[in-house]
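Encoded as structure tokens, the structure appears first; notes follow it.
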Amino acid sequence: MERRTRAVLAAAATLLLIVGSAGCTGDTGGPVDGAPGAAGLRDPYFPKLGNGGYDVRHYDLRLDYDPADGRLDATAEITARATQDLSAFNLDLAGLTVGRATVDGAPAAVNRAGGELTLRPREEIGKGKVFRTTVTYSGVPRKITDADGAGEGWLRTKDGALALGEPVGSTAWFPGNHHPSDKATYDITLTVPAGLRAVSNGTLRSERTAGGRTTAVWHSAEPMASYLATVAIGRYETRTATTPSGVAVHTAVDPTVAADSSALLDRIPEILEWQQENFGPYPFSSTGAIVEAAGDVGYALETQTRPVFPQDAFDAPTLVHELAHQWYGNSVSPATWRDMWLNESFATYAEWLYAEDFEDTPAQRRFEKAFADEANWAFPPAEPPTAENLFDPPVYQRGAMVLHKIRQTVGDDTFYEILAGWPAKHRHGNASTEDFTAYVEDVAGEDLGDVWDVWLYGDGKPERPQ
Ligand code: ZN
């Protein structure tokens with residue numbers, strides 16, 4: 001072929017490539033033969049939670065809230081990548097009223113059934129395409145009562161509201177792919193009456209008051225499972241500091257409990273430094289805490305970068321526990337809710353290590369105490385019988401006993417290697433129980449089948465602790 005012809009052909013091919021990919025970032029370019037994305041991800045405890053057919057990259061949530069009438073007016077802009085050719089796809093949303101939805105700027109048909117919001121875009125979405133969905137919605141967001149009786153979702157407080165999401169509460173305040181396996185980055189913009197503060201995850205980009213309303217913009221640069229997203233609106237006293245290793249610390253405290261909380265809040269940098277020595281580098285660019293008056297919330301939660309505490313549970317072990325979750329649970333998130341013990345075992349064991357390093361109580365003592373408590377033997381930690389049992393003592397205490405048995409088996413050097421190596425291996429990802437047992441055996445270079453059989457999966461209590 002003559003040189004000129006070849007050059008013309010090459011230019012034509014380039015042009016075809018450009019035309020073929022115009023407007024559809026990452027599109028594989030083939031003909032689109034779409035099917036609806038699955039309505040759930042078949043989680044063993046919450047089969048309808050999450051949705052198939054796409055992977056969310058980023059949520060841009062803009063929420064306008066008025067505590068006087070409890071009404072939320074919001075827009076969610078969701079950037080996602082199609083993992084199949086899609087004719088329609090679902091988002092999870094409980095309650096509220098959906099106004100308008102668009103996909104890549106064009107109106108999409110909206111259908112709702114139970115907790116499922118189905119959007120049918122005007123044009124099918126090709127596999128691999130990155131697409132942008134916007135949903136406007138409003139109403140009074142609901143509180144969700146879990147199978148175990150705990151309250152989550154959107155909780156109204158004396159002076160505002162608090163959003164908590166474990167395991168399904170985030171469905172009450174924004175449409176999304178609410179399974180922990182689909183993590184994404186977030187921008188959360190909150191507008192509230194002037195005089196109130198609006199706190200969320202990550203770093204504070206800006207806070208401005210105009211026309212009697214304050215708008216705060218929060219940015220989570222690292223991926224987050226939706227159950228860890230939070231919003232706290234109220235008359236908080238807020239403070240900003242920096243840890244010795246350069247992590248931003250944002251704290252928000254209900255003024256009625258500020259005096260009682262300040263000494264422990266001041267210890268966050270020190271505790272975080274101790275945890276970094278044991279667990280490896282802190283995985284996020286900010287940290288902090290939200291402390292509520294007792295009664296406004298019933299339990300502490302490891303919301304990403306900014307755990308929430310009721311004042312009566314704001315003590316050193318609980319602070320250590322919720323901060324430890326930032327590595328175990330938040331950076332390495334469960335593949336499904338069956339892997340929940342991986343969150344709670346490490347967070348509980350962090351308390352045992354704190355007692356060992358700061359209070360002269362060997363972890364062995366905590367292990368023996370846990371062994372003696374019959375409540376910890378109701379079921380194996382890797383197999384809670386129902387959703388009602390996800391937060392029961394075996395998940396926390398017997399989970400921590402599994403870690404202690406690993407430590408006894410492999411020795412301290414290898415155990416500490418596992419403590420830091422596990423969150424390093426799955427940083428900002430997801431992992432299952434099977435990933436964990438394989439990892440431990442790999443690092444230890446030995447079979448721990450007996451530990452798994454008896455302590456992790458076994459029914460009932462072994463005869464002796466060791
Ligand atoms: Zn926990």
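The figures that follow rest on heavy atoms only: side chains count, while hydrogens, waters and symmetry mates do not. Sequence positions, counted from 1, serve as the residue numbers for this chain.
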request  = Report the C-alpha separation of Thr209 and Thr214 in whole Å, then their side-chain angles, then the decisive distance to 0.1 Å, and conclude whether the side-chain hydrogen bond (donor to acceptor under 3.5 Å, both in side chains) test is met.
outcome  = CA-CA 4 Å; Thr209 301; Thr214 297; 2.8 Å; yes
message = Apply side-chain hydrogen bond (donor to acceptor under 3.5 Å, both in side chains) to residues Thr134 and Thr102 and explain how you reach the verdict.
response = CA-CA 5 Å; Thr134 61; Thr102 65; 2.5 Å; yes
request  = Go through His404 and Tyr349 one step at a time and tell me if the side-chain hydrogen bond (donor to acceptor under 3.5 Å, both in side chains) criterion holds.
outcome  = CA-CA 8 Å; His404 195 71; Tyr349 205 77; 2.8 Å; yes
task = Step by step, work out the ring-ring contact (aromatic ring centres under 6.0 Å, His included) result for Tyr299 and Phe391.
result = CA-CA 11 Å; Tyr299 53 90; Phe391 301 94; 7.6 Å; no
task = Test salt bridge (charged side-chain N to carboxylate O under 4.0 Å, His left out) on Asp187 and Arg62 and set out the steps.
result = CA-CA 8 Å; Asp187 283 300; Arg62 273 161 262 150; over 6 Å; no
inquiry  = side-chain hydrogen bond (donor to acceptor under 3.5 Å, both in side chains), that's the test. Do Glu344 and His325 meet it? Break it down for me.
reply    = CA-CA 8 Å; Glu344 300 305 341; His325 273 308; 3.0 Å; yes
message = Determine whether Trp452 and Tyr457 satisfy the following criterion, ring-ring contact (aromatic ring centres under 6.0 Å, His included), listing intermediate values before the conclusion.
response = CA-CA 6 Å; Trp452 315 139; Tyr457 294 110; 8.0 Å; no
task = Please lay out, stage by stage, how Val247 and Phe284 fare under the test side chain to side chain contact (heavy atoms under 4.5 Å, CB included).
result = CA-CA 8 Å; Val247 178; Phe284 303 107; over 6 Å; no
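Here Glu116 pairs with Ala39, Lys48, Asn51, Asn90, Asp92 under the side-chain contact (heavy atoms from CB on, under 4.5 Å) rule; sequence neighbours left out. Tyr354 meets the side chain to side chain donor-acceptor pair (under 3.5 Å) test with Arg267; sequence neighbours excluded. Judged as a side chain to side chain donor-acceptor pair (under 3.5 Å), and not counting sequence neighbours, the contacts of Thr433 are Asp339, Trp341.
For the pair Thr185 (side chain) and Arg57 (backbone), a donor-acceptor distance under 3.5 Å is present. Not one N or O on the side chain of Asp43 forms a donor-acceptor pair closer than 3.5 Å with the backbone of His179. In this structure, Asp159 contributes its side chain and Arg235 its backbone to a donor-acceptor pair below 3.5 Å. Asp146 contributes no side-chain N or O that, together with a main-chain N or O of Asp148, makes up a donor-acceptor pair within less than 3.5 Å. Ser200 places no side-chain N or O within donor-acceptor distance of the main-chain N or O of Val231, the cut-off being under 3.5 Å. Proximity of a side-chain donor or acceptor of Thr157 to a complementary backbone N or O of Ala161 within less than 3.5 Å is detected. A donor-acceptor contact shorter than 3.5 Å is absent between the side chain of Gln311 and the backbone of Glu292. In this structure, the side chain of Tyr65 does not engage the main chain of Pro193 through any donor-acceptor pair within 3.5 Å. Between the Trp455 side chain and the Pro380 main chain, no donor and acceptor come within less than 3.5 Å of each other. Checked by atom type and distance alone, the side chain of Glu441 pairs as donor or acceptor with a backbone atom of Leu448 at under 3.5 Å.
Contact of the Leu264 side chain with the Phe314 side chain is registered, since non-hydrogen atoms from C-beta on lie closer than 4.5 Å. At least one side-chain heavy atom of Phe346 sits under 4.5 Å from a side-chain heavy atom of Leu419. Within the 4.5 Å cutoff, no side-chain heavy atoms of Tyr328 are placed close to those of Leu342. Side-chain contact check for Phe46 versus Leu41: every heavy-atom pair is 4.5 Å or farther apart. At least one side-chain heavy atom of Asn201 sits under 4.5 Å from a side-chain heavy atom of Met224. For the pair Pro67/Arg156, no side-chain contact is recorded, criterion being any heavy-atom separation below 4.5 Å from C-beta on. Tyr227 places a side-chain heavy atom less than 4.5 Å from the side chain of Pro180. At a threshold of 4.5 Å between non-hydrogen side-chain atoms, the residues Pro381 and Met401 do not count as touching.
Between Trp422 and Tyr439, the ring planes are tilted. Angles from 30° to 60° get that label. Ring geometry for Tyr54 versus Phe89: interplanar angle over 60°, hence perpendicular rather than tilted (30 to 60°). Using cut-offs of 30° and 60° for the angle between ring planes, the Phe174 and Tyr186 rings count as perpendicular.
Atoms OG1 and CG, on Thr133 and Leu91 in that order, are 6.5 Å from each other to the nearest 0.5 Å. In this structure, Thr303 OG1 and Gln326 CD are separated by 7.5 Å, a value rounded to the nearest 0.5 Å. Here the CD-CG distance, from Glu277 to Leu272, works out to 11.0 Å after rounding to the nearest 0.5 Å. Rounded to the nearest 0.5 angstrom, Thr240 OG1 and Leu204 CG are separated by 7.0 Å. Atom NZ of Lys143 and atom CG of Leu164 lie 10.5 Å apart (nearest 0.5 Å). Atom CD1 of Ile290 is separated from atom NE2 of His250 by 11.0 Å, given to the nearest 0.5 angstrom.
Salt-bridge formation is not detected for the pair Asp64/Arg71: no Lys NZ or Arg NE/NH1/NH2 atom is positioned less than 4.0 Å from an Asp or Glu carboxylate oxygen.
Summarising the geometry of Gly37 relative to Leu86, their closest heavy-atom pair is N-CD2, 3.5 Å, with the distance given to 0.1 Å. Leu301 and Glu322 get closest at one heavy-atom pair: C-OE1, 3.6 Å.
For the residue pair Gln304 and Ser220, no side-chain donor N or O sits within less than 3.5 Å of a side-chain acceptor on the partner. Side-chain atoms of His178 and Ser170 form no donor-acceptor pair, as typed in the model, at a separation below 3.5 Å. A donor-acceptor pair shorter than 3.5 Å can be found between the side chains of Thr238 and Arg197. No hydrogens or angles considered: nothing links the side chains of His428 and Glu222 as a donor-acceptor pair under 3.5 Å. No hydrogens or angles considered: nothing links the side chains of Glu207 and Trp218 as a donor-acceptor pair under 3.5 Å. Side-chain contact, Ser333 with Lys183: a donor N or O sits under 3.5 Å from an acceptor N or O. In the model, Arg306 has a side-chain atom that pairs as donor or acceptor with a side-chain atom of Ser286 under 3.5 Å.
Between Trp327 and Phe279, a ring centre-to-centre spacing shorter than 6.0 Å is recorded.
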